[in-house]
Novice: 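Below: one structure in structure tokens.
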Amino acid sequence: MKIPYQYTVRNLWNRKLTTALTVSGMALVVFVFSAVLMLAYGLKKTLVNTGSPDNVLVLRRSSTSEVMSTIDRYQASVIATQPEIALDSDGLPLLAKELLVLITLNKRGTTKVANVTLRGVDDNSWELRPGVRLVVGRKFSKGANEIVVGKRIAERFEGCALGESIKFGKRRWLVVGIMDAGNTEFSSEVWGDVDQFMQAFRRPVYSGILFRLKKRSLFPGVKHRLENDPRLTVVAKTEIEYYKEQSELMERFIKILGMVLTSIFSLGAVIGAMITMYSNVANRIVEIGTLRALGFGRTSVLTAFLLEALLLGLAGGIIGLASSSFLQNITVSTTNWKSFSEVAFRFALTPRIALYAISFAAIMGIAGGALPSLRAARLSIVEALHTWE
Amino acid sequence: MSEPPSKENPKELKNDDDRALIIINDLHKSYRKGTQKVTVLTGVNLSITRAQYVAFIGPSGSGKTTLLNLIAGIDRPDRGKLVVDGIDITRLDDSKLSRWRARHVGFIFQFYNLIPVLTAFENVELPLLLTPLSRKQRKKHVTAALKVTGILDRAFYYPSQLSGGQQQRVAIARAIVTDPTIIVADEPTGDLDKDSAVQILDLLHHLNRELGKTIIMVTHDPRAARKARKVYVLDKGILRDQYENDIIW
């Protein structure tokens with residue numbers, strides 16, 4: 001039979017200040033731990049959600065991102081003839097030849113500049129990305145110096161609001177629409193007519209070709225054909241796969257950095273819990289002796305103290321996680337290291353991250369309580385009761 | 001009082017009779033203090049019958065508490081035999097000894113040793129958690145024990161809300177709630193004022209006389225010793241003397 005749980009809970013409650021300080025330390029670590037995971041997941045979610053599972057992106061072989069890729073007009077026309085490409089309502093291939101260029105723009109309210117992705121698109125680009133919605137204004141006209149900017153760019157960069165204009169490629173471009181692509185990288189892009197962009201930047205080549213498959217199952221076949229066609233030097237990826245690769249490097253970096261920080265912090269929290277638990281044991285030596293004398297075994301005492309440490313950890317875990325959940329309201333931006341463009345994203349909390357955070361807190365509690373609990377369990381009854389003569 | 005036996009040859013003290021509940025043969029105990037070995041008990045022999053009320057008296061360091069601890073199974077002798085109700089408890093391993101204590105021993109401590117975060121009711125219920133009794137049965141037993149010790153009206157008070165005498169009554173309720181084979185009491189009146197001490201001694205007396213509980217007590221208090229039926233005198237770890245009190249039972 002176990003020592004009643006009231007004993008554990010009331011002991012923690014009775015030592016409110018010590019308990020609160022220890023729980024605060026643990027909560028801080030769990031906050032950092034879950035914030036890092038939420039940050040990494042938020043970035044990944046933003047980039048991965050950017051892709052559509054039916055779309056295939058064709059880039060120059062060995063290119064790790066659209067920015068590095070070049071596909072000339074001849075290769076683009078060969079790609080457009082693939083029979084696996086879905087057709088639009090006019091019976092034409094649902095395919096977009098796009099150009100990606102990075103420019104720098106001033107951030108609103110600061111003197112800082114940041115890279116922004118310009119995407120030269122054609123008519124099919126909108127249909128290939130149904131998640132991109134025009135929220136204000138209109139689409140740009142073909143042949144005109146007009147652009148549509150992502151919502152996050154409009155909010156964060158000078159000259160990007162509706163009706164304003166920005167200068168790049170030796171031309172001034174009028175913002176005629178604002179688009180919202182939700183939690184995806186397109187919300188951080190500027191779109192315009194691909195032919196106008198090619199002229200403005202004197203680029204005779206596309207960056208990538210995007211097309212929709214008739215069926216997802218056709219992907220291995222078209223990939224094989226494109227990558228083995230002697231006329232082409234390209235690689236084909238599903239759009240999802242491409243954006244997942246884009247997020248990996250950043251995600252890994254954030255996780256590693258976060259885990260190093262969390263490990264250092266958690267060491268402090270574990271030591272804090274250990275000091276608290278050692279003090280709890282020291283203050284209750286006579287109680288422990290009494291419980292043992294009454295017939296409670298060493299395991300019962302060990303369990304009671306471990307439970308106490310576990311509760312400290314769990315309380316810290318819940319508070320830390322609850323605090324970090326507020327981060328979901330914050331949008332942060334960073335440079336995507338693969339595309340070198342600004343990407344804005346939100347912290348994202350998932351049940352899995354919550355589970356990890358709570359488990360981590362529980363482990364910290366147990367780790368901090370293990371040695372003091374063992375000490376409590378190993379106490380000699382006579383020494384604990386101070387009754388030798 | 002009966003005639004005390006020879007003080008020159010204490011080992012010749014004879015066991016009471018075949019009805020003995022506790023039989024102690026040639027019990028030795030020593031402790032290590034740094035590099036030194038301190039002998040606390042040397043060749044103690046005695047026996048205690050069922051429903052007996054025994055007091056161990058003697059100066060500080062005489063070994064009386066150590067003897068009580070050994071009988072209660074919270075300490076182990078270096079050598080010797082200690083049989084309680086037919087079980088040689090020196091042969092029990094740690095977990096068996098814990099179970100044995102839970103079943104056979106009720107403890108009364110000088111400083112009550114109640115768990116401060118538990119109510120009087122919960123403190124008395126503690127030893128019953130080690131039995132297979134249901135919650136309802138436990139409640140019945142706890143209520144009965146608190147009633148016997150006259151503290152039922154304070155059942156849901158915390159120890160800090162009770163006086164010393166009341167706390168000791170709760171501790172006695174805890175000691176008797178499992179109906180143990182023996183009740184061991186270490187200086188049960190040592191921390192009490194005169195009136196409370198008298199009440200506690202009367203209560204122990206009542207438990208022994210009316211309910212037939214076997215009580216083994218260590219005390220410095222001559223009033224407490226006078227309440228016992230039989231008194232053993234220890235000195236420097238040796239059982240020097242024993243006598244029976246002339247009490248009108």
Side-chain angles (χ1 to χ4, degrees), chain A residues 1-19 276-277 279-305 307-309 311-312 373-389, chain B residues 29 31 38 40-41 58-70 72-76 94-107 109-119 122-123 125-132 158 171 174-175 178 180 184 186-187 218 234 237:
Chain A
M1 190 75 172
K2 301 289 182 290
I3 292 169
Y5 71 92
Q6 299 99 303
Y7 174 72
T8 302
V9 175
R10 287 184 204 158
N11 266 312
L12 286 174
W13 185 248
N14 271 18
R15 297 171 172 86
K16 289 187 195 70
L17 182 65
T18 322
T19 302
T276 303
M277 289 307 297
S279 144
N280 285 353
V281 171
N283 287 330
R284 276 147 53 197
I285 281 183
V286 176
E287 283 175 37
I288 296 164
T290 306
L291 289 167
R292 294 274 291 115
L294 293 179
F296 288 95
R298 291 182 196 279
T299 316
S300 296
V301 172
L302 180 76
T303 310
F305 277 87
L307 180 66
E308 203 167 313
L311 286 179
L312 279 175
S373 302
L374 273 174
R375 178 170 185 250
R378 283 181 180 166
L379 276 174
S380 136
I381 303 175
V382 173
E383 282 175 21
L385 292 172
H386 299 292
T387 54
W388 66 94
E389 190 181 300
Chain B
K29 178 70 185 174
Y31 290 111
V38 181
V40 187
L41 290 175
S60 292
S62 59
K64 52 190 187 299
T65 297
T66 299
L67 182 57
L68 191 77
N69 289 343
L70 292 172
I74 61 173
D75 204 356
R76 290 179 181 279
D94 195 62
S95 65
K96 280 183 183 160
L97 196 59
S98 290
R99 285 200 291 275
W100 177 84
R101 281 197 305 273
R103 174 70 195 87
H104 295 281
V105 188
F107 287 88
F109 300 96
Q110 179 178 358
F111 300 106
Y112 335 123
N113 289 22
L114 298 176
I115 306 297
V117 295
L118 300 181
T119 63
E122 289 165 340
N123 265 288
E125 192 186 19
L126 265 181
L128 292 178
L129 296 175
L130 296 161
T131 69
Y158 285 92
R174 182 178 66 186
T178 54
V184 295
D186 189 2
E187 300 277 11
V218 161
L234 283 109

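Quantities reported herein were computed from a predicted structural model and do not represent experimental measurements. Proteins come first, then strands; the chains are lettered A, B, ... in the order of their sequence lines, and each starts at number 1.
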Novice: What I'd like to find out is whether the side chain of B/L118 reaches to under 4.5 Å of the side chain of A/Q6, using heavy atoms alone.
Specialist: yes
Novice: CD of A/E383 to CD1 of B/I74: how many Å apart, nearest 0.5 Å?
Specialist: 11.5 Å
Novice: Taking side chain as everything from C-beta outward and backbone as N, CA, C, O, which of these in A/R292 sits under 4.5 Å from a heavy atom of chain B? Side chain, backbone, both or neither.
Specialist: both
Novice: Atom CG in A/L385, atom CG in B/N69: separation rounded to 0.5 Å?
Specialist: 7.5 Å
Novice: Less than 4.5 Å to any heavy atom of chain B: does that hold for the side chain of A/N14, its backbone, both, or neither?
Specialist: side chain
Novice: Given that the side chain runs from C-beta out, which part of B/Y112 has a heavy atom under 4.5 Å from chain A: side chain, backbone, both or neither?
Specialist: neither
Novice: So what's closer than 4.5 Å to chain A heavy atoms on B/E122: side chain, backbone, both or neither?
Specialist: side chain
Novice: Tell me, side chain or backbone of B/R174 under 4.5 Å from chain A's heavy atoms, or both, or neither?
Specialist: side chain
Novice: Hey, could you give me the CZ/CD1 distance between B/R101 and A/I381, rounded to the nearest 0.5 Å?
Specialist: 3.5 Å
Novice: For each of B/D94, B/D75, B/L68, tally heavy-atom pairs with chain A at distances under 4.5 Å, and name the one with the top tally.
Specialist: B/D94
Novice: Are A/P4 and B/L126 close enough that some pair of their side-chain heavy atoms sits under 4.5 Å apart?
Specialist: yes
Novice: Taking the side chain as every heavy atom from C-beta outward, state whether A/T290 and B/F107 have any atom pair closer than 4.5 Å.
Specialist: no
Novice: Among A/V286, A/V9, A/N11, which has the most heavy-atom pairs under 4.5 Å with chain B?
Specialist: A/N11
Novice: For a 4.5 angstrom cut-off between non-hydrogen side-chain atoms, does B/S98 reach A/R298?
Specialist: no
